[in-house]
2 protein chains.
Amino acid sequence: MTDLFPDKGHDHGRCIDSALHQAETVAEANNARFTDMRRRVFTLIWQSHKAITAYELLDALQGEGVRAQPPTVYRALEFLVGLRLIHRIESLNAYFGCDMPDCEHLGQYFICRNCGRVAEAVNEDMSRAVRAAAGAVGFKIEATTIEIKGLCHDCAAH
Amino acid sequence: MTDLFPDKGHDHGRCIDSALHQAETVAEANNARFTDMRRRVFTLIWQSHKAITAYELLDALQGEGVRAQPPTVYRALEFLVGLRLIHRIESLNAYFGCDMPDCEHLGQYFICRNCGRVAEAVNEDMSRAVRAAAGAVGFKIEATTIEIKGLCHDCAAH
DNA sequence: GACGAAATGATATAATATAACACTTCAACA
DNA sequence: TGTTGAAGTGTTATATTATATCATTTCGTC
Ligand SMILES: [Zn+2]
Ligand SMILES: [Zn+2]
Ligand SMILES: [Zn+2]
Ligand SMILES: [Zn+2]
């Protein structure tokens, strides 16, 4: 059984480094400025594999001594979502880091209600089924939200 | 091509009547009281095939001369969602009426960004794909949110 | 009719998100 | 290298969505 969710003992510092590196690359490729504030917010989002809300980010920023207000956070989030460096989880009003921002994808999100972690899958069967269902009724897809809530493998075991 | 969305010229009064009738039945079967306030909210939701927000419902109630406050609306919504008489669209923070409340289902929602209508599908291929993807990673599903935004057949044609 | 549970009323407030305008930064260009 | 215009951020205010809490009413059961 392959678990989408990262191993308990994994070196999360490497997740963060990798995410930052990819973000730099994507921003550059899009001629977008990965400013200090955007980097701060992005790094905060990547502190865990959980989703984090805008106001949790705001608190974290203020905890770091940054004088930020809600619009600052929402602007950074808008930028990061726009570049698909992070994704918004609609059912949580929260955001989490994408670990494959360099390839276009319609992701599906598995959300564990126990440990709070979010994992992104890109499952072609699911995508195909969605496209087929839409095609059958003449619906032109522009965006999809697929969020699956429950218990991750670890949490289900306990 | 079968369109999920109702025909422009359909008799919407029949949609409302049918929904009300089904709701009565479901409530009774669940030993739940379909009170006046709940019926009002339910009927307002069914005024169209669009999703409607809690505060739009509140305004509509007040427009009818009902002295209602937010909790009144949210309580009615909670009740109706609980019985699956309506569904919440997470990506819109809005609610719309289910037209098959008597059979358990994990629905998928097509949302037209142009006309605002929402249509519910129960597509076994999609459901199966979701279950398979979850099974493959040992994830225990408790709830799914599948929302597909774009243009309905009618709106895509114009 | 008395009782307790469920529903609703009423007030306050929490949580999430955006509008508007001022100021700063930065890259491009003269 | 100074000018300039666009992009980014600061700041204040406010809009939108949702819930906590306690008082009162309604309703079925006894
Ligand atoms: Zn990690
Ligand atoms: Zn978990
Ligand atoms: Zn109708
Ligand atoms: Zn449409």
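The sequence lines fix the lettering, A, B, ..., with proteins before strands; numbering per chain opens at 1.
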Practice item. Would you please classify the geometry between the A:H87 ring and the A:F96 ring as parallel, tilted or perpendicular, with 30° and 60° separating the classes? Key: tilted
Check your understanding: What class does the angle between the rings of A:F79 and A:F34 fall in, given that below 30° is parallel, 30 to 60° is tilted and above 60° is perpendicular?
Key -> tilted
Spacing of [X] atom [atom1] relative to [N] atom [atom2], expressed in whole Å:
X	N	atom1	atom2	answer
A:D36	D:dG8	CG	C1'	12 Å
B:F79	D:dT26	CZ	P	19 Å
B:R75	D:dT26	CZ	P	15 Å
A:I89	C:dA17	CD1	P	13 Å
A:F34	C:dA27	CZ	C1'	19 Å
A:N31	C:dC26	CG	P	16 Å
A:L58	D:dT9	CG	P	15 Å
A:M37	C:dT25	CE	P	13 Å

Exercise for review: Would you please determine if the base of C:dT18 is stacked by A:Y74, with stacking meaning a centroid separation under 5.5 angstrom and planes under 30 degrees?
Suggested key: no
[X] side-chain proximity, nearest of [options]:
X	options	answer
B:Q69	C:dT11, C:dA7, D:dT12	C:dT11
B:T72	D:dT9, C:dA17, C:dG9	C:dG9
B:R88	D:dA18, C:dA19, D:dG8	D:dA18
B:P71	C:dT8, D:dA20, C:dA20	D:dA20
B:Y95	C:dT8, D:dA18, C:dC21	D:dA18
B:P70	D:dT19, D:dT9, D:dT17	D:dT19

Check your understanding: Which comes earlier along DNA chain D counting from the 5' end, the contact point of A:R67 or that of A:Y55, where each point is its nearest nucleotide?
Key -> A:R67
Review point. Taking for each residue the nucleotide of DNA chain D bearing the nearest heavy atom, is the 5' side occupied by B:E56 or by A:V66?
Key: A:V66
Review point. Is a side-chain N or O of B:Q108 found less than 3.5 angstrom from the main chain of B:E147, in a donor-acceptor match?
Key: no
Practice item. Mark yes when over 12 heavy atoms from residues, nucleotides or ligands other than A:R84 sit less than 6.0 Å from its CZ; otherwise mark no. Key: no
Is the phosphate of [N], meaning OP1 or OP2, less than 4.0 Å from a side-chain N or O of [X]?
X	N	answer
B:R33	C:dA5	no
B:T35	C:dA6	no
B:N93	C:dT16	no

Review point. Is the NZ or CZ atom of B:R117 both under 6.0 Å from the centre of the six-membered ring of B:F5 and within 45° of that ring's axis?
Key: no
